[in-house]
Amino acid sequence: MARPRTFDEDRVLEAAMHAFWTNGYEATSTRDLCEAVGLDRSSVYNAFESKHELFKRALTRYIDTTTADQLEILEDRERSAVERIRALLRTIVDGEMENRRNGHPGCLTVNTTVELAGRDAEVAALLERDLVRRLDVIRTVIETGRRAGEITSTRDSGDLARFLNAVIAGIRVAAQGGADRLALEAIAATAVDALTP
């Protein structure tokens, strides 16, 4: 009979997520994880099987939280489509400023895409599912804005959704490179202008 776990799994996943977020997957050793989560090596492996499994669980936690926050903004029908897009971009900029204050190097999803997506099929699949979900909601907002006459770009709505997603990633990377708030806000404003020429 297996022994019951004597730790808070949510707390462990949160701590592991922050360790991976700070150092990246490759640079986070098992020792780093054990120190971060407050468990010994055998407890970590008994609970999560491997560093890779723990990483996938931590990444899923990050994605679920981050994407839920973004979707809440995009699905807010009290705002117009353009206001939702502006609010999303403002939230991204605010988040990057907060990450900088808290010592987090940008967005875990973007960092993981750069570090692992091209060579880790399981992680790439997690990232792809998240991307598809976000693009679908962004495309719906763009189509809503187009019907209301707010979004006047004649580009395909799917292409515009991918453009906005690339802008978000660009804001995150620019922030990691040291861009200040004014520069990030200018990128966001330019993206909105591209939708409403």
Side-chain angles (χ1 to χ4, degrees), residues 9-11 13-14 16-18 20-21 55-102 104-117 120 122-153 155-176 181 184-185 187-196:
E9 188 170 309
D10 283 340
R11 185 197 61 76
L13 283 172
E14 185 76 13
M17 182 187 76
H18 284 282
F20 287 124
W21 192 359
F55 177 73
K56 288 192 308 179
R57 297 266 307 272
L59 178 62
T60 298
R61 181 185 186 88
Y62 179 88
I63 286 171
D64 289 347
T65 302
T66 304
T67 298
D69 291 345
Q70 292 178 18
L71 297 187
E72 184 178 350
I73 293 166
L74 291 170
E75 293 172 342
D76 179 3
R77 304 220 186 276
E78 297 294 313
R79 297 176 175 173
S80 72
V82 170
E83 287 170 347
R84 287 184 246 173
I85 291 167
R86 279 194 187 104
L88 173 64
L89 295 171
R90 188 170 47 251
T91 297
I92 299 299
V93 171
D94 290 345
E96 289 307 311
M97 294 296 97
E98 184 177 335
N99 285 343
R100 188 177 291 170
R101 281 191 303 275
N102 293 334
H104 292 303
C107 170
L108 181 58
T109 305
V110 171
N111 297 347
T112 301
T113 300
V114 172
E115 182 182 8
L116 293 178
D120 186 320
E122 291 177 272
V123 168
L126 284 173
L127 296 169
E128 180 66 18
R129 277 194 299 275
D130 178 58
L131 175 62
V132 167
R133 182 169 58 158
R134 285 183 294 107
L135 288 177
D136 184 54
V137 175
I138 294 170
R139 186 178 63 249
T140 298
V141 172
I142 288 167
E143 289 168 355
T144 299
R146 188 171 273 158
R147 284 191 300 273
E150 296 176 89
I151 294 178
T152 55
S153 171
R155 297 272 185 186
D156 176 79
S157 59
D159 292 343
L160 290 173
R162 283 185 286 280
F163 164 71
L164 278 177
N165 188 67
V167 168
I168 289 167
I171 287 171
R172 294 187 187 287
V173 171
Q176 285 186 48
R181 178 179 284 277
L184 301 180
E185 288 173 344
I187 294 168
T190 302
V192 173
D193 289 349
L195 299 175
T196 58

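Quantities reported herein were computed from a predicted structural model and do not represent experimental measurements.
For CZ of R155, the number of neighbouring non-hydrogen atoms (other residues, nucleotides, ligands) closer than 6.0 Å is 12 at most.
Nearest heavy atom pair, residue A194 against residue S153, reads O-CB, 3.8 Å. When every heavy atom of A58 is checked against every heavy atom of A16, the shortest pair comes out as CB-C, 4.3 Å. Nearest heavy-atom pair, V141 versus A81, reported as atom, atom and distance to 0.1 Å: O-CB, 3.3 Å.
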- So E72 and T91, side-chain contact (heavy atoms from CB on, under 4.5 Å) or not? Walk me through it. CA-CA 11 Å; E72 184 178 350; T91 297; over 6 Å; no
- Message: Would T67 and T109 count as a side-chain contact (heavy atoms from CB on, under 4.5 Å) here? Give the steps.
- Response: CA-CA 10 Å; T67 298; T109 305; over 6 Å; no
- Task: Starting from the C-alpha separation in whole Å, work towards a yes-or-no answer on side-chain contact (heavy atoms from CB on, under 4.5 Å) for F55 and T112.
- Result: CA-CA 10 Å; F55 177 73; T112 301; 3.6 Å; yes
- What's the verdict on side-chain contact (heavy atoms from CB on, under 4.5 Å) for L127 and I63, showing C-alpha distance, side-chain angles and the deciding distance? CA-CA 8 Å; L127 296 169; I63 286 171; 4.2 Å; yes
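Within the 4.5 Å cutoff, the side chain of R172 has heavy atoms near those of the I168 side chain. Residues C107 and Q176 are not in side-chain contact: their nearest non-hydrogen atoms beyond the backbone lie 4.5 Å or more apart. E96 has its side chain out of reach of R100: every pair of non-hydrogen atoms, C-beta onward, lies at least 4.5 Å apart. T113 is not listed as a side-chain neighbour of L131, based on a closest heavy-atom distance of 4.5 Å or more.
Between the CZ atom in R79 and the CZ atom in R86 there is a gap of 11.5 Å [rounded to 0.5 Å]. Here the straight-line distance linking atom CD1 of I138 with atom CZ of F163 works out to 11.5 Å at 0.5 Å rounding. Annotation: the span from M97 atom CE to N102 atom CG amounts to 12.0 Å, rounded to 0.5 Å. Within the model, atoms CG of L126 and NZ of K56 stand 7.0 Å from one another, a figure rounded to the nearest 0.5 Å. Separating the CD atom in Q70 from the CG atom in L88 is a distance of 5.5 Å, to the nearest 0.5 Å. For the atom pair CD (E122) and CG (L116), the distance works out to 11.5 Å, reported to the nearest 0.5 Å.
Side chain of E150 to backbone of S80: no donor-acceptor contact under 3.5 angstrom is found. Side chain of R84 to backbone of E78: no donor-acceptor contact under 3.5 angstrom is found.
Looking at R133 and D136, no side-chain N of the basic residue comes within less than 4.0 Å of a carboxylate O on the acidic one, giving no salt bridge. Classification of R61 and D64 as a salt-bridged pair fails, no side-chain N sitting under 4.0 Å from a carboxylate O.
Each of I187, L184, I171 was evaluated against L89; a single residue qualifies, I171, per the side-chain contact (heavy atoms from CB on, under 4.5 Å) test.
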